[in-house]
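Values in this document were obtained by computation on a predicted structure and should not be read as measured data. Chain A is the first sequence line, chain B the second, and so forth, proteins listed ahead of strands; every chain is numbered from 1.
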Number of protein chains: 2
Amino acid sequence: MAVTKRSKQRDAIVNELCQRHDHPTAEEIYLALKTAMPNLSLGTVYRNLNMLSEDGTIQKISVGGADHFDGNAMNHYHMLCSECKRLYDVSYPVIEDIEEKAVSFADGKITSHTITFFGVCNGCLH
Amino acid sequence: MAVTKRSKQRDAIVNELCQRHDHPTAEEIYLALKTAMPNLSLGTVYRNLNMLSEDGTIQKISVGGADHFDGNAMNHYHMLCSECKRLYDVSYPVIEDIEEKAVSFADGKITSHTITFFGVCNGCLH
DNA sequence: TATAATAATAGTAACAATTATCATTATTGA
DNA sequence: TCAATAATGATAATTGTTACTATTATTATA
């Protein structure tokens with residue numbers, strides 16, 4: 001099921017996701033929009049986030065626990081804080097040739113890659 | 001809760017995981033051992049896999065859907081097949097200095113990293 | 001080698017995250 | 001304006017995982 005008709009709900013979800021620079025879960029987006037759209041449904045948030053990540057408008061990131069979403073569709077890397085479980089951008093330059101290089105070590109074709117760093121964010125260190 | 005006393009169940013789980021080179025989910029390990037240990041409990045499999053990954057004996061890998069486990073505790077990279085959802089090893093040499101290099105692009109301290117490639121495995125391509 | 005302390009288990013219930021269902025509403029092209 | 005149908009809200013169902021508890025197994029020490 002690809003996106004065809006527009007909806008206020010989807011516009012609000014994309015807008016919210018692109019304005020924030022954290023990487024909220026579906027529920028966090030739902031809670032953020034709930035005030036302005038009191039009868040928004042959590043299922044609608046999930047459905048739209050999935051459609052949007054399938055057609056490449058946004059990114060879905062699985063790191064254990066609830067999935068996180070990222071309004072920045074350009075490939076970039078992340079760090080997961082083991083204390084607060086928040087996900088942060090790591091502006092390390094994307095390794096452009098890693099996919100072509102890796103293909104000889106892999107058993108199939110490669111279409112994309114992600115790098116996730118694990119550690120403790122400054123907020124949790126202090 | 002760290003491991004102190006041994007158990008046949010945990011030994012079987014570690015043994016199973018180290019013998020196979022796929023990256024089974026908790027349920028796949030449970031099903032594989034169920035024949036030989038008919039009253040093994042799925043909760044026991046989960047509990048042990050978590051204890052073992054916490055003390056670094058095995059690895060837990062989250063890529064969406066059920067978590068996968070890897071008996072090889074050395075850092076190495078993986079590819080997720082978007083067709084069959086199986087996780088494969090990618091023997092691309094580990095980028096030893098990426099964590100020190102990335103720290104200046106990150107907002108905290110880094111303790112480890114993973115690289116996940118996405119694509120389609122040979123089994124699903126043919 | 002008994003025994004006492006307690007870690008680990010099986011079985012089950014509870015929980016969290018996500019998806020499916022379906023009647024109603026909103027969007028859009030003719 | 002209206003018909004076709006995509007999208008929604010509300011809720012039920014499903015999936016993956018953790019928590020609970022009485023019982024069993026392991027292990028250190030007498």
Side-chain angles (χ1 to χ4, degrees), chain A residues 1-17 23-55 57-70 80 82 84-87, chain B residues 1-17 23-55 57-70 80 82 84-87:
Chain A
M1 336 111 171
V3 171
T4 52
K5 297 183 181 171
R6 294 185 67 178
S7 79
K8 296 189 194 309
Q9 291 84 346
R10 180 161 44 245
D11 287 352
I13 289 164
V14 173
N15 191 52
E16 174 70 19
L17 196 55
H23 300 80
T25 63
E27 189 172 31
E28 285 168 342
I29 291 171
Y30 168 72
L31 291 172
L33 296 176
K34 189 80 178 169
T35 320
M37 309 181 87
N39 46 7
L40 175 66
S41 177
L42 182 55
T44 297
V45 176
Y46 272 105
R47 184 168 6 87
N48 278 295
L49 288 171
N50 282 336
M51 292 169 80
L52 292 162
S53 63
E54 270 157 34
D55 67 27
T57 308
I58 65 170
Q59 277 189 264
K60 182 187 203 168
I61 305 150
S62 298
V63 285
D67 289 338
H68 294 255
F69 295 88
D70 192 332
L80 181 70
S82 58
C84 64
K85 311 293 179 197
R86 274 192 282 252
L87 196 65
Chain B
M1 334 107 173
V3 171
T4 53
K5 297 183 182 174
R6 294 184 67 178
S7 79
K8 295 189 194 310
Q9 290 84 344
R10 178 160 48 244
D11 287 352
I13 289 164
V14 174
N15 190 54
E16 174 70 19
L17 195 55
H23 300 80
T25 63
E27 189 172 33
E28 285 167 342
I29 292 172
Y30 169 72
L31 291 173
L33 297 176
K34 189 81 179 168
T35 320
M37 309 179 88
N39 46 8
L40 174 67
S41 177
L42 181 57
T44 297
V45 176
Y46 272 105
R47 185 169 5 85
N48 278 294
L49 288 171
N50 282 335
M51 291 168 81
L52 292 162
S53 66
E54 271 159 33
D55 65 27
T57 307
I58 65 170
Q59 277 188 264
K60 182 186 205 169
I61 305 151
S62 298
V63 285
D67 288 339
H68 295 254
F69 295 88
D70 191 332
L80 180 71
S82 59
C84 63
K85 311 293 178 197
R86 274 192 281 253
L87 196 64

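- Scanning for side chain to side chain donor-acceptor pair (under 3.5 Å) contacts around A:Lys34 gives A:Tyr30, with sequence neighbours left out.
- For A:Arg47, the side-chain contact (heavy atoms from CB on, under 4.5 Å) partners are A:Thr44, A:Met51, not counting sequence neighbours.
- Regarding B:Asp67, its CG atom lies at a distance of 12 Å from the C1' atom of D:dT15, rounded to whole Å.
- Considering only residues two or more places apart in sequence or on other chains, A:Ser53 meets the side chain to side chain donor-acceptor pair (under 3.5 Å) condition with none of them.
- Taking atom CE of residue A:Met37 and atom P of nucleotide D:dG9, one finds them 7 Å apart after rounding to whole Å.
- Taking the side-chain contact (heavy atoms from CB on, under 4.5 Å) definition, one finds that B:Leu49 meets it with B:Ile13, B:Leu17, B:Ala26, B:Ile29, B:Val45, B:Ile58, B:Phe69, sequence neighbours left out.
- Rounding to the nearest 0.5 Å places CG of B:Leu31 at 8.0 Å from OG1 of B:Thr25.
- With sequence neighbours excluded, the residues forming a ring-ring contact (aromatic ring centres under 6.0 Å, His included) with B:His23 are B:His78, listed by chain and number.
- When rounded to the nearest whole Å, the span between CG of A:Leu40 and C1' of C:dT25 equals 15 Å.
- Remark: B:Gln59 pairs with no residue by the side chain to side chain donor-acceptor pair (under 3.5 Å) rule, at least two apart or across chains.
- One interatomic measurement links the two molecules: CG of B:Leu42 to P of C:dT12, which rounds to 13 Å at whole-angstrom precision.
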Query raised in the report: Which nucleotides of nucleotides 19-30 of chain D have their base under 4.0 Å from a protein heavy atom (B), which only their sugar-phosphate (S), and which neither (-), written as one string 5' to 3'?
Result: -------BS---
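- Across the protein-nucleic acid pair, B:Glu54 atom CD and D:dT18 atom P stand 9 Å apart, rounded to whole Å.
- In this structure, A:Arg10 atom CZ and D:dA6 atom P are separated by 12 Å, rounded to whole Å.
- Remark: P of C:dC15 and OH of B:Tyr46 are 18 Å apart, rounded to the nearest angstrom.
- The side-chain contact (heavy atoms from CB on, under 4.5 Å) check on B:Glu54 picks up B:Asn50, with sequence neighbours excluded.
- Comparing the start and finish of the helix from C:dT1-D:dA30 to C:dA30-D:dT1, five pairs each, the helix axis swings through 40°, to the nearest 10 degrees.
- In this structure, the nucleotide among D:dG9, D:dA7, D:dT8 sitting nearest to the side chain of A:Asn48 is D:dT8.
- Considering only side-chain N and O atoms, B:Asn39 lies nowhere under 4.0 angstrom from the phosphate OP1 or OP2 of C:dT9.
- Applying the 4.0 Å criterion to OP1 and OP2 of D:dT18, one finds that B:Asn50 has a side-chain N or O inside that range.
- Contacts of residues 24-35 of chain B with DNA chain D (heavy atom under 4.0 Å): none.
- For B:Asn15, there are no side chain to side chain donor-acceptor pair (under 3.5 Å) partners, not counting sequence neighbours.
- C:dA8 atom P lies 11 Å from atom CG of B:Leu52, rounded to whole Å.
- For the atom pair B:Leu33 CG and B:Gln9 CD, the distance stands at 10.0 Å (nearest 0.5 Å).
- For C:dA10, one of the phosphate oxygens OP1 or OP2 lies less than 4.0 angstrom from a side-chain nitrogen or oxygen of B:Thr44.
- With rounding to the nearest 0.5 angstrom, the NZ atom of A:Lys8 is 9.0 Å from the CZ atom of A:Arg6.
- Partners of B:Glu28 under the salt bridge (charged side-chain N to carboxylate O under 4.0 Å, His left out) rule, at least two apart in sequence or in another chain, do not exist in this structure.
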